[in-house]
Amino acid sequence: MNNAIIEEIYLIKEGTYMEIRQLEYFLILCRELHFTKAAEKLNISQPTLSHQIKVLENELGIPLFDRLGKKIAITDAGKILYEQCTHIFRAIDNTTNQIIELKEVKAGKLVIGTLPGELTNLVSDYLLDYHLEYPDVQVCINSSDDVLKQFKDNKIDFAITYKQEYFDYEEEQLKIIPLFTEELRFVAHSNHPLAASNTIPFQDILELPLILFPTIHQCRKVIDSAAHKERLHVKPKIETASIDAIFKLVEQNVGATIISKTLCNLHQSTAICERPICNPPLTREIVLLYRKDKFINFAAKAFIHLMVEGLEKAGVSISENSKRLIQTLLKSP
């Protein structure tokens, strides 16, 4: 947040006088729910933080927190202010970014959210080309299992992730653009008995010794969901979050695995083979995600453009509707 903006902008209505700095303190305290931790994060003393919060409560004429010994909880009034604060700070950030854009300063920072694993690898593939074209832009790829929380905390510009079937993106003010559908493949040692088959039934695979990601991994969630629908059970021999370990164990014929086509392409080896899965086929949709109410700056648009071009050159099929949505985003002010 720009210090001049924090120090000089105030909200005045019907005698209520609130500094943006106070709202910033309030926002951090809501997230930490601990005065000492919030003060440390803000680089101020705890008494200073306590005083500023008390001043804010006095201005509003209502408690924002319930003090429960050393613990605190947000009151209903605090929840209302928290929600409005997120809009206020996002609006200030958007204003600052748009002014920078008007000056045509093609620098700054770009933060991309991804899930750990293959999507981080997918996005990272375009870092070199992007850096060569925009060397003054600082790029951060923020890998997290909870991309949606990163949006809520305003920590990322956009994300490349998987579509969640039952999540209401509209309610969370998120815009979703489908990029492509990714297939999960059966991967085994080249001498595996099923290597002679063109496609492998899902039920047959689950009867084998398997090396799979842990249950929190997105790839595993697709497998577990499909098994649940088919009333089958997933009982892996080994679980590991290490992509390299999975492929090494398969190469040593310790077991087989189910893994994304993207990772198969990145780990080519004569010691292993991959086959499509049937009954049912396992797929997931890769999507571009961004906030409707967040300004998408030049750095983000440039990366999206470069990535989409790279995907198409690699033979990835992106629908015409998605291409139109992407062009609309790239041309937006």
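These numbers were taken from a predicted model, which means no experiment stands behind them. The basis for the numbers below is simple: all heavy atoms, side chains too, and nothing from hydrogens, waters or symmetry mates. Residue numbers count from 1 along this sequence.
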[X] side-chain N/O to [Y] backbone N/O, donor-acceptor pair under 3.5 Å:
X	Y	value
Thr257	Val187	no
Ser319	Ser322	yes
Thr328	Arg324	yes
Tyr130	Ala299	yes
Asp157	Ala300	no
Ser225	Lys221	no
Ser197	Thr199	no
Asp153	Lys155	no

Non-hydrogen atoms of [X] and [Y] that approach each other most closely:
X	Y	value
Lys237	Val254	NZ-O, 3.6 Å
Leu212	Ile258	CD2-N, 3.8 Å
Ile156	Ala159	CD1-CB, 4.0 Å
Lys301	Leu329	CE-O, 3.5 Å
Leu179	Ile318	O-CG1, 3.4 Å
Ile141	Thr114	CG2-OG1, 3.8 Å

Does atom [atom1] of [X] have more than 12 heavy-atom neighbours from other groups under 6.0 Å away?
X	atom1	result
Lys292	NZ	yes
Gln268	CD	yes
His228	NE2	no
Glu239	CD	yes
Lys79	NZ	no
His34	NE2	yes
Leu132	CG	yes
Asn198	CG	no

Is the shortest side-chain heavy-atom distance between [X] and [Y] below 4.5 Å?
X	Y	answer
Thr36	Leu49	no
Ile74	Tyr82	no
Ser260	Glu183	no
Leu29	Ile72	yes
Leu325	Leu288	no

According to the interplanar angle, ranging from 0 to 90°, do the rings of [X] and [Y] count as parallel (below 30°), tilted (30 to 60°) or perpendicular (above 60°)?
X	Y	answer
Phe213	His217	parallel
His192	Phe186	perpendicular
Phe303	Tyr126	perpendicular

Query raised in the report: Is the distance between the ring centroids of Tyr134 and Phe298 less than 6.0 Å?
Result: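 Yes, close enough.
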Requested in this report: Report yes if the distance between the aromatic ring centroids of Tyr169 and Tyr290 is under 6.0 Å, otherwise no.
Outcome: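 Distance test on ring centres: not under 6.0 Å, no.
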Do [X] and [Y] have side-chain atoms, one donor and one acceptor, less than 3.5 Å apart?
X	Y	result
Gln203	Asn279	no
Ser269	Glu251	yes
Asn191	Asn253	no
Thr283	Thr181	no

N-O pairing of [X] and [Y] below 4.0 Å:
X	Y	result
Glu182	Lys261	no
Glu57	Arg67	yes
Asp224	Arg220	yes
Glu32	Lys37	no

